[in-house]
Number of protein chains: 2
Amino acid sequence: MTELTKAEQKRLAREEELLDLAIDILAEQGLNSLTLEKLTARSPYSKGTIYNHFCSKEDCVSALCCRAMSSMLALFALAFRFEGELREQALALHFAHQLYSQINPTLFQVVLVGKAPGVRENTSDKRNAVLDELEERVNNASDSMFRQALEQGKISRPVTVETLTFASWAMSFGSLALAHSAADATAISRLESSSLLLNNISLLLDGMGWQPLSYEWDYNASWQRIAQHFQQLTGHQPTINQPSEN
Amino acid sequence: MTELTKAEQKRLAREEELLDLAIDILAEQGLNSLTLEKLTARSPYSKGTIYNHFCSKEDCVSALCCRAMSSMLALFALAFRFEGELREQALALHFAHQLYSQINPTLFQVVLVGKAPGVRENTSDKRNAVLDELEERVNNASDSMFRQALEQGKISRPVTVETLTFASWAMSFGSLALAHSAADATAISRLESSSLLLNNISLLLDGMGWQPLSYEWDYNASWQRIAQHFQQLTGHQPTINQPSEN
DNA sequence: ACCTGAACACCGTTCAAGT
DNA sequence: ACCTGAACACCGTTCAAGT
């Protein structure tokens with residue numbers, strides 16, 4: 001790690017302060033009404049200073065995207081601490097993804113929007129590099145799971161790590177995106193939400209031939225244990241089948 | 001079908017005219033720079049008239065979304081005319097999805113954006129109803145495939161039609177969305193694009209136990225035949241492994 | 001009943017002037 | 001070197017006046 005000068009530290013601290021304010025606006029008024037105008041008004045700084053941090057509105061959204069991905073990576077790290085079958089650890093990774101989308105739906109949406117066309121184009125090169133690095137770390141987390149599984153002979157189909165990572169990422173992304181953006185659409189409302197991702201990922205991992213297969217193991221029980229694991233580590237009440245008591 | 005008065009016909013025709021202009025802007029300047037201001041300027045009408053058709057900018061985007069989904073449904077109908085194994089027909093459905101995303105990337109993006117938060121909220125009730133109906137028809141197409149497969153005993157796992165439709169739709173959506181929005185991101189650039197969706201869907205259908213399984217049948221050959229099927233019916237050159245000759 | 005375009009509020013972005 | 005806020009262009013939306 002390189003040393004930071006006082007000035008750089010101050011600049012970094014102010015950027016965090018601005019992102020906190022932006023998240024407040026997001027939470028209060030929704031993603032679409034985030035505006036650099038409003039951010040300026042809430043902050044003690046002027047428009048020029050805001051533009052000193054974010055070269056455009058999209059650059060600010062990308063900065064929020066970095067925040068969100070960092071938080072997600074922190075949850076992913078907890079998934080690796082779940083003890084059990086390797087396939088259960090892979091489930092824990094996806095549980096972390098879903099958990100993040102539940103804890104922080106607004107920032108989760110930011111990640112989706114951050115992938116929309118026109119955002120990256122208007123983001124500074126420097127921040128795009130940070131985004132790339134974060135995405136690479138997400139891929140690495142997924143790759144390392146699949147690599148271990150292949151090395152241990154847990155996966156019976158002849159496939160590459162890259163194929164498996166893309167497939168599971170696409171499934172996870174697609175499931176959560178549809179679940180959040182179109183929760184009232186027919187395809188989703190007719191299903192129970194807590195185990196949507198578990199069901200979809202289970203079908204996929206079965207298709208890869210990742211042992212033990214879903215009919216050889218009670219992965220619903222695993223999902224519950226994973227929920228408890230995360231609850232102990234984060235204190236977040238998971239949205240799982242048993243209704244809470246209020 | 002209900003009769004339309006002359007006035008209603010004229011109104012409908014003008015709406016189509018406006019949507020054509022909107023698509024022109026989209027194609028030329030990208031999704032983000034579509035503006036009712038620009039649409040007004042390009043059209044022979046005034047702002048008031050534009051707002052007579054679209055109650056908000058988002059309502060206009062939703063109207064484009066309807067256009068896109070209708071076109072997709074037209075391609076889906078062609079998928080049903082592919083002759084072969086039932087699982088090949090299901091592949092044809094996903095091929096149609098991918099084909100549409102290739103033929104018309106901009107409108108495909110509109111469908112993604114149409115699912116973003118803040119769009120449906122600012123869309124007129126009437127148009128939201130149309131969107132719902134179109135989405136239901138997409139679901140019906142998928143449901144009917146899976147229902148036939150279950151009835152014919154092709155699917156060995158004990159699952160419901162709803163589960164299968166959501167899983168395959170999530171996979172298709174996730175794969176294409178990631179492929180289009182993050183084509184340069186690491187997870188995707190390291191894979192070949194033409195068979196991304198085939199690979200992912202094959203893993204999923206294997207996980208459902210849909211016979212014949214992918215190692216009992218040459219689905220790469222099926223994918224090629226499906227491509228030819230669509231090429232004959234639509235004249236669109238598919239993006240398939242063999243490079244074209246220019 | 002439908003159309004027009006002026007008017008208003010709000011937003012993104014820039015930059016000369018100030019410290 | 002960094003900050004400020006006025007200024008400009010552009011956009012979404014409304015509505016009184018016109019046909």
* Asked: So, A/Asp143 versus A/Thr165: side-chain donor-acceptor pair below 3.5 Å or not?
  -> yes
* Going by distance alone, is a donor N or O of one side chain under 3.5 Å from an acceptor N or O of the other, for B/Ser175 and B/Asn200? -> yes
* Asked: Does some side-chain heavy atom of A/Phe80 sit less than 4.5 Å from a side-chain heavy atom of A/Ser144?
  -> yes
Less than 4.0 Å between a side-chain N and a carboxylate O, is that true for [Y] and [X]?
{"X": "A/Lys115", "Y": "A/Glu135", "result": "yes"}
{"X": "A/Asp132", "Y": "A/Arg120", "result": "yes"}
{"X": "B/Glu28", "Y": "B/Arg42", "result": "yes"}

* Asked: Can you say whether the rings of A/Phe108 and A/His180 are parallel (under 30°), tilted (30 to 60°) or perpendicular (over 60°)?
  -> tilted
* Would you call the rings of A/Trp169 and A/His97 parallel, tilted or perpendicular, where under 30° means parallel and over 60° means perpendicular? -> parallel
* Asked: So what's the dot-bracket for DNA chain D: Watson-Crick or G-U pairs under 3.5 Å, [ ] if a pair crosses, | if it pairs off-strand?
  -> ||.|||||...|||||.||
* Structure fact -> Here the residues of residues 30-55 of chain A within 4.0 Å heavy-atom distance, strictly under, of DNA chain C are A/Thr35, A/Leu36, A/Glu37, A/Lys38, A/Lys47, A/Tyr51
* Nucleotides bounding contact with chain A, strand DNA chain D, heavy-atom threshold 4.0 Å -> D/dC3 to D/dG5
* Reckon A/Arg11 touches a base, only the sugar-phosphate, or nothing at all at heavy-atom distances under 4.0 Å? -> nothing
* Asked: What distance separates B/Leu134 CG from B/Met72 CE, expressed to the nearest 0.5 Å?
  -> 10.0 Å
* Asked: Side chain of B/Gln29, backbone of B/Leu26: donor and acceptor closer than 3.5 Å?
  -> no
